[in-house]
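Report on the following structure.
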Amino acid sequence: MKKYELQIFAETLPKNPITPEINYETEAFINTTPTEETPTWASIAALTKNMAESLNEVIYQASYYADKGWGSSEVVGAQMTLTLTGDCKPSDTAYEYITSEKVMYEFGEARKTHMKLTRGTKTIIWPITLVNITKGRGDSAATNALTVTIHGNGKPLLSTTSTTE
């Protein structure tokens, strides 16, 4: 029977894979007092099951003679949007604000407020308009679904806070 030097294997550790971002680590808040100078932030975490963010980029496309028919593209603008899907939860502060008669059934200024997204030390705050607010109905044995699309108004404010240990 041969003897093996097992210590050699114990000293070389394989590397762990890089951990991907986990979606629930992003926190989202809506300002429920948009006409006041100081915002009142209500978390939308309890009613949100899915958030899909998009920049909805504006693209200028052109073909130049020098490129012999091949085109070029430039991103010349964007509008940040966020689509939320979740469940209707009466008594949740964010839900009550979004589906209130003064927001859901009115237009213009009534649909404008602010959104805040945080993830670790990064924060995005921007003025928004709430659109396509839909309280689903559907199957009798399912929960009542909520969908709302958030359209950014102008450039969002991006910030990073430092951490103290």
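Position 1 is the first residue of the sequence, and the numbers go up from there. These values consider heavy atoms only, across backbone and side chains, with no hydrogens, waters or symmetry-generated copies.
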Nearest atoms (heavy-atom pairs only) where [X] meets [Y]:
{"X": "Arg111", "Y": "Val131", "value": "NH1-CA, 3.8 Å"}
{"X": "Lys89", "Y": "Ala46", "value": "NZ-O, 2.6 Å"}
{"X": "Pro156", "Y": "Ile124", "value": "CB-CG2, 3.7 Å"}

Taking atom [atom1] of [X] and atom [atom2] of [Y], what is their separation to the nearest 0.5 Å?
{"X": "His114", "Y": "Leu157", "atom1": "NE2", "atom2": "CG", "result": "10.5 Å"}
{"X": "Leu47", "Y": "Thr93", "atom1": "CG", "atom2": "OG1", "result": "10.0 Å"}
{"X": "Thr123", "Y": "Leu158", "atom1": "OG1", "atom2": "CG", "result": "9.5 Å"}

Is [Y] reachable from [X] through a run of hydrophobic residues whose side-chain heavy atoms are each under 4.5 Å from the next?
{"X": "Ile22", "Y": "Leu84", "value": "no"}
{"X": "Leu130", "Y": "Ile44", "value": "yes"}
{"X": "Trp41", "Y": "Leu117", "value": "no"}
{"X": "Phe29", "Y": "Met51", "value": "no"}

Check: [Y] main-chain N/O paired with [X] side-chain donor or acceptor under 3.5 Å:
{"X": "Glu96", "Y": "Ser91", "answer": "yes"}
{"X": "Ser43", "Y": "Ala45", "answer": "yes"}
{"X": "Thr48", "Y": "Asn50", "answer": "no"}
{"X": "Ser100", "Y": "Ile98", "answer": "no"}
{"X": "Thr32", "Y": "Tyr97", "answer": "no"}

* To do: Go through the steps for Thr113 and Ile30 under the test side chain to side chain contact (heavy atoms under 4.5 Å, CB included), then give the verdict.
  => CA-CA 7 Å; Thr113 187; Ile30 192 164; 3.9 Å; yes
* With sequence neighbours left out, what residues match Leu55 under side chain to side chain contact (heavy atoms under 4.5 Å, CB included)? ->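 Residues passing side chain to side chain contact (heavy atoms under 4.5 Å, CB included) with Leu55: Glu57, Ala78, Met80.
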* Residue list, side chain to side chain contact (heavy atoms under 4.5 Å, CB included) with Lys135, at least two apart or on another chain ->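 Lys135: side chain to side chain contact (heavy atoms under 4.5 Å, CB included) contacts with Cys88, Tyr95, Thr99, Met104, Arg137, Leu146.
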* Asked: Looking at side-chain heavy atoms only, is the closest gap between Val103 and Ile133 below 4.5 Å?
  ->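 Yes, side chains in contact.
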* Do Asn31 and Ile128 touch side chain to side chain, with heavy atoms closer than 4.5 Å? ->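 Counting from C-beta outward, Asn31 and Ile128 never come under 4.5 Å.
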* **Qualifying residues under side-chain hydrogen bond (donor to acceptor under 3.5 Å, both in side chains), relative to Thr129, sequence neighbours excluded** =>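 Here the qualifying residues are Asn153.
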* Asked: Taking only residues two or more places apart in sequence or in another chain, which ones pass side-chain hydrogen bond (donor to acceptor under 3.5 Å, both in side chains) with Lys49?
  ->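 Partners of Lys49 under the side-chain hydrogen bond (donor to acceptor under 3.5 Å, both in side chains) test: Asp87.
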* Asked: Does atom CG of Asn23 have more than 12 heavy-atom neighbours, drawn from other residues, nucleotides or ligands, at distances under 6.0 Å?
  ->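 No, CG of Asn23 has 12 or fewer neighbouring heavy atoms, counting only those of other groups under 6.0 Å.
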* To do: Show your reasoning for whether side chain to side chain contact (heavy atoms under 4.5 Å, CB included) applies to Met115 and Trp126.
  => CA-CA 6 Å; Met115 189 79 176; Trp126 78 105; 3.8 Å; yes
* **Polar contact flag, side-chain donor to acceptor under 3.5 angstrom, Thr33-Thr40** =>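 Thr40 and Thr33 do have a side-chain donor-acceptor pair below 3.5 Å.
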* Val75 and Val58: CA distance, side-chain angles, deciding distance, side chain to side chain contact (heavy atoms under 4.5 Å, CB included) verdict -> CA-CA 6 Å; Val75 176; Val58 178; over 6 Å; no
Going by atom type alone, with no hydrogens or angles, which donor-acceptor pairs under 3.5 Å involve a side-chain atom of residues 62-72 and a protein atom two or more places apart or on another chain?
none

* How would you list all residue pairs meeting salt bridge (Lys or Arg N to Asp or Glu O under 4.0 Å) that involve residues 15-43, not counting sequence neighbours? ->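 Of all non-adjacent pairs touching residues 15-43, those that pass salt bridge (Lys or Arg N to Asp or Glu O under 4.0 Å) are Glu21-Arg119, Glu25-Arg119.
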